[in-house]
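See below for the structure under consideration.
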2 protein chains.
Amino acid sequence: MITNMTARKILDKADIRPSVQRLAVMNYLIEHRNHPTVDDIFSSLSPSMPTLSKTTVYNTLRLLVDGGAAQMLTIQEHNSCFDADTTPHAHFLCKQCGRVFDMNFFDFKDRIPDEVEGHSIEETYQFFKGTCRYCKNKMNKQFKD
Amino acid sequence: MITNMTARKILDKADIRPSVQRLAVMNYLIEHRNHPTVDDIFSSLSPSMPTLSKTTVYNTLRLLVDGGAAQMLTIQEHNSCFDADTTPHAHFLCKQCGRVFDMNFFDFKDRIPDEVEGHSIEETYQFFKGTCRYCKNKMNKQFKD
DNA sequence: GTACGTGCAAAGAATTTGCAGATAA
DNA sequence: TTATCTGCAAATTCTTTGCACGTAC
């Protein structure tokens, strides 16, 4: 469940000192649930924070992930993307446009055990690939032309 | 189910012309089920094929993936790894040593629909992160010292 | 004033591209 | 011979690192 905590409260909870830059990145993640990449975040914030550097975005995201305030997704081949929603949910990658969408978690038939073949399971990911509804529409239109 | 098809047969089936390099890469994947990276493959084959280039390994892997003869996994942050087993199974990434292990697929309570929120699902991935049995052993030993 | 944060520039790593020579149908 | 394949070198992209300056307690 996504709470209404402000960026400030989330940083406090994660024990991250709330600099202007960190608040901006956290706030961006809260307001943009479309799984932005480092570049997305940097490009969007840069106009209003001209001195912001990509290094700081990288630093901040690492802090957020380490502090449990965000999730890093490595679904895409080339770059990581980030998600302020750290609750269990699934992800869908469109093979056409490369966008990542949230999906509800699909229940497993049985509970995932803490340990499998001696390995301790700490995190569970579900993800799917296919064609998103927008690209399907686009492709349909092309056929009609 | 993993079949006993030789590299040659798999390439034929995928309509990939069986050059020496392609057979070597395919065969490597068949014989090494530990999810090798491009570099693993290149470094291992290079001694016996001194003229082999990384470009060719990249080219070949792309052909194999496109032809359905191998799977590319983007679990790891920095590089992709490859798996000749294209049947449904889950993967486990050890956060300590970075190794990727196979796991049996966990059944979902319900069948995954072909379409969710308008998106067409074509591929389903399950993966887990945690500490593998080998790293757990190592950590236990350290505590005993 | 000391520790922490920021951002530039450079380095590093993974992957892709362009292209010329080699190989195979 | 003609299309395909290979592999070098260079380019590109993503990310990390080193370091000097700035900021905050």
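Note on naming: letters A, B, ... go to the chains in the order of the sequence lines (proteins, then strands), and numbering restarts at 1 for each one.
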Taking only the side-chain nitrogens and oxygens of [X], find out if one of them lies under 4.0 Å from OP1 or OP2 of [N].
X: B/Ser53; N: D/dT6; result: no
X: A/Arg17; N: D/dC25; result: no
X: B/Gln21; N: D/dG7; result: yes
X: A/Arg62; N: D/dT15; result: no
X: B/Tyr58; N: C/dT16; result: no

Measure from [atom1] on [X] to [atom2] on [N] and round the result to the nearest Å.
X: A/Lys54; N: C/dG7; atom1: NZ; atom2: C1'; answer: 13 Å
X: A/Ile41; N: D/dC14; atom1: CD1; atom2: C1'; answer: 14 Å
X: B/Leu61; N: D/dT6; atom1: CG; atom2: P; answer: 12 Å
X: A/His78; N: C/dT16; atom1: NE2; atom2: P; answer: 5 Å
X: B/Asn59; N: D/dC8; atom1: CG; atom2: P; answer: 13 Å
X: A/Met26; N: C/dG5; atom1: CE; atom2: P; answer: 17 Å
X: B/Arg22; N: C/dT23; atom1: CZ; atom2: P; answer: 15 Å
X: A/Gln76; N: C/dT15; atom1: CD; atom2: P; answer: 15 Å

Across the strands shown, which category fits [X] at heavy-atom distances under 4.0 angstrom: base, sugar-phosphate, nothing?
X: A/Ser80; answer: sugar-phosphate
X: B/Ser19; answer: sugar-phosphate
X: A/Thr56; answer: base

Inset, instruction - Taking A/Gln126 for its side chain and A/Phe106 for its backbone only, find out whether a donor-acceptor pair lies under 3.5 Å. - result: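 Here the side-chain-to-backbone pair exists.
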Inset, instruction - For the pair A/His119 (side chain) and B/Thr131 (backbone), establish whether a donor and an acceptor sit closer than 3.5 Å, ignoring hydrogens and angles. - result: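 Looks like no, no N/O pair under 3.5 Å.
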Inset, instruction - For B/Ser53, enumerate each residue passing the side chain to side chain contact (heavy atoms under 4.5 Å, CB included) test, keeping only those at least two apart in sequence or located in another chain. - result: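 Listed in chain order: B/Thr55, B/Thr56.
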Inset, instruction - Report the residue from B/Asp83, B/Asn34, B/Leu93 that forms a side-chain contact (heavy atoms from CB on, under 4.5 Å) with B/Val100. - result: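 The option that passes is B/Leu93.
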Inset, instruction - Check whether the ring centres of B/Phe128 and A/Tyr125 lie less than 6.0 Å apart, and answer yes or no. - result: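 No: the rings miss the under 6.0 Å criterion.
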Legend entry - Closest nucleotide among D/dC5, C/dT16, C/dG7 to the A/Glu77 side chain: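 So the side chain of A/Glu77 is nearest to C/dT16.
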Legend entry - Given DNA chain C, 5'-ward residue of the pair A/Ile16 and A/Thr55, judged by closest heavy atom: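 This one resolves to A/Ile16.
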